Amino acid sequence: MRRRIAAAVIALASVPAHAAGPDDDGVGFMGMYVSLCMKHFADLGAFHAKLLHDQVPKLAPDGAKLFTGKVDGDAWPVPYKGQMGNFVLAIGANNNACMVHARRTNAAEAERRFIAMVKDAPKGLVARRGKPAVDGKTRTVVYTWAKPGARRKIQFTLSTTASPKAPLQAVGTVATVAD
């Protein structure tokens with residue numbers, strides 16, 4: 001199923017990864033989400049192995065844990081417009097979850113672009129929107145793609161906050177989940 005989804009998602013990888021000026025329009029964040037997580041999700045293990053093999057500078061394990069959450073994994077700072085510090089890529093050690101974190105981005109625009117990308121599943125799959133969750137100033141939107149009746153699904157999650165005091169304003173995740 002991952003390969004079929006990957007074929008549909010590769011078309012999405014043409015989303016521009018960079019916008020003029022700071023990432024105040026969410027384009028950089030969504031471009032990274034598509035080009036790093038969605039595009040490579042069909043073979044996340046190979047992408048993870050390539051990053052490690054190429055010795056792409058990554059965060060120390062304690063720093064990575066801040067971005068991988070409850071699972072073991074690795075995290076890499078991602079340059080944007082020649083600067084570091086706004087985006088981080090994280091991949092779980094079991095290679096079934098890929099996350100992009102944004103320290104500063106336009107949360108509302110990132111959510112609009114996210115929904116536009118995942119609301120319709122590729123042919124043969126069904127898209128389902130989960131109930132949006134709001135916890136204080138944080139909004140979470142979840143969609144799944146799966147074959148009808150399948151227990152395993154590809155889950156797309158976006159959590160955002162517009163608060164300028166939040167340590168992160170957006171986290172996008174692609175993961176394999178089971179009912």
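Quick caveat, the model's predicted, so the values are computed rather than measured.
Note: the hydrophobic cluster containing Phe114 also contains Leu89 (ILVMFWY, side chain heavy atoms under 4.5 Å, direct or indirect links). Placement of Met84 and Leu59 in two distinct hydrophobic clusters is found when ILVMFWY residues are connected by side-chain heavy-atom separations under 4.5 Å, directly or transitively. Note on Val171 and Ile115: separate hydrophobic clusters, where clusters join Ile, Leu, Val, Met, Phe, Trp and Tyr whose side-chain heavy atoms are under 4.5 Å apart, directly or indirectly. Met38 and Trp76 fall within the same hydrophobic cluster, where Ile, Leu, Val, Met, Phe, Trp and Tyr residues are linked whenever their side-chain heavy atoms come under 4.5 Å apart, directly or through other members. Phe67 and Met99 fall into different hydrophobic clusters, where Ile, Leu, Val, Met, Phe, Trp and Tyr are joined by side-chain heavy atoms under 4.5 Å apart, directly or via other members.
We find the CG-OG1 distance between Leu168 and Thr161 to be 10.0 Å, quoted to the nearest 0.5 Å. For the atom pair CG (Asp72) and CG (Asn94), the distance works out to 9.0 Å, reported to the nearest 0.5 Å. How far NE2 of His48 is from CG of Asp43: 12.5 Å, rounded to the nearest 0.5 Å. From Cys37, atom SG reaches atom CD1 of Ile91 across 7.0 Å, with rounding to the nearest 0.5 Å.
Across all their heavy atoms, Ala97 and Leu44 have their closest contact at O-CD2, 3.6 Å. His101 approaches Ala90 most closely through the heavy-atom pair NE2-CB, 4.1 Å. When all heavy atoms are compared, the tightest approach of Trp145 to Ala127 is CD1-CB, 3.8 Å. Minimum interatomic distance between Gln169 and Ala107 (heavy atoms only, all atoms of both residues): O-CB, 4.1 Å. Across all their heavy atoms, Met30 and Met117 have their closest contact at CE-CE, 2.7 Å. The shortest heavy-atom contact between Cys98 and Leu36 is SG-O, 4.0 Å.
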- Message: Under the criterion side chain to side chain contact (heavy atoms under 4.5 Å, CB included), I'd like the reasoning laid out for Lys153 against Thr176: C-alpha separation, chi angles, the key distance, then a yes or no.
- Response: CA-CA 6 Å; Lys153 302 169 181 6; Thr176 303; over 6 Å; no
- side chain to side chain contact (heavy atoms under 4.5 Å, CB included) assessment of Leu51 paired with Asp74: CA-CA 10 Å; Leu51 292 169; Asp74 296 302; over 6 Å; no
#### Entry: Step-by-step side chain to side chain contact (heavy atoms under 4.5 Å, CB included) determination, Leu52 to Lys58
CA-CA 9 Å; Leu52 295 173; Lys58 65 180 184 169; 3.7 Å; yes
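Within 6.0 Å of CG on Asp135 lie no more than 12 heavy atoms contributed by other residues, nucleotides or ligands. For CZ of Arg128, the number of neighbouring non-hydrogen atoms (other residues, nucleotides, ligands) closer than 6.0 Å is 12 at most.
Side chain of Asp54 to main chain of Val56: no donor-acceptor pair is present (N/O by atom type, distance under 3.5 Å, no hydrogens or angles).
Each of Arg139, Arg113, Glu111 was evaluated against Leu158; a single residue qualifies, Glu111, per the side chain to side chain contact (heavy atoms under 4.5 Å, CB included) test. For the side chain to side chain contact (heavy atoms under 4.5 Å, CB included) test with Thr144, the passing option among Arg129, Gln155, Arg152 is Gln155; the others fail.
With no hydrogens or angles considered, no side-chain donor-acceptor pair links Thr173 and Thr157 at under 3.5 Å.
Residues Tyr143 and Phe156 place their aromatic rings such that the two centres sit no closer than 6.0 Å.
Contact of the Tyr33 side chain with the Val174 side chain is registered, since non-hydrogen atoms from C-beta on lie closer than 4.5 Å.
Ring geometry for Phe29 against Phe87 counts as parallel: the plane angle stays under 30°, on a 0 to 90° scale with 60° as the upper cut.
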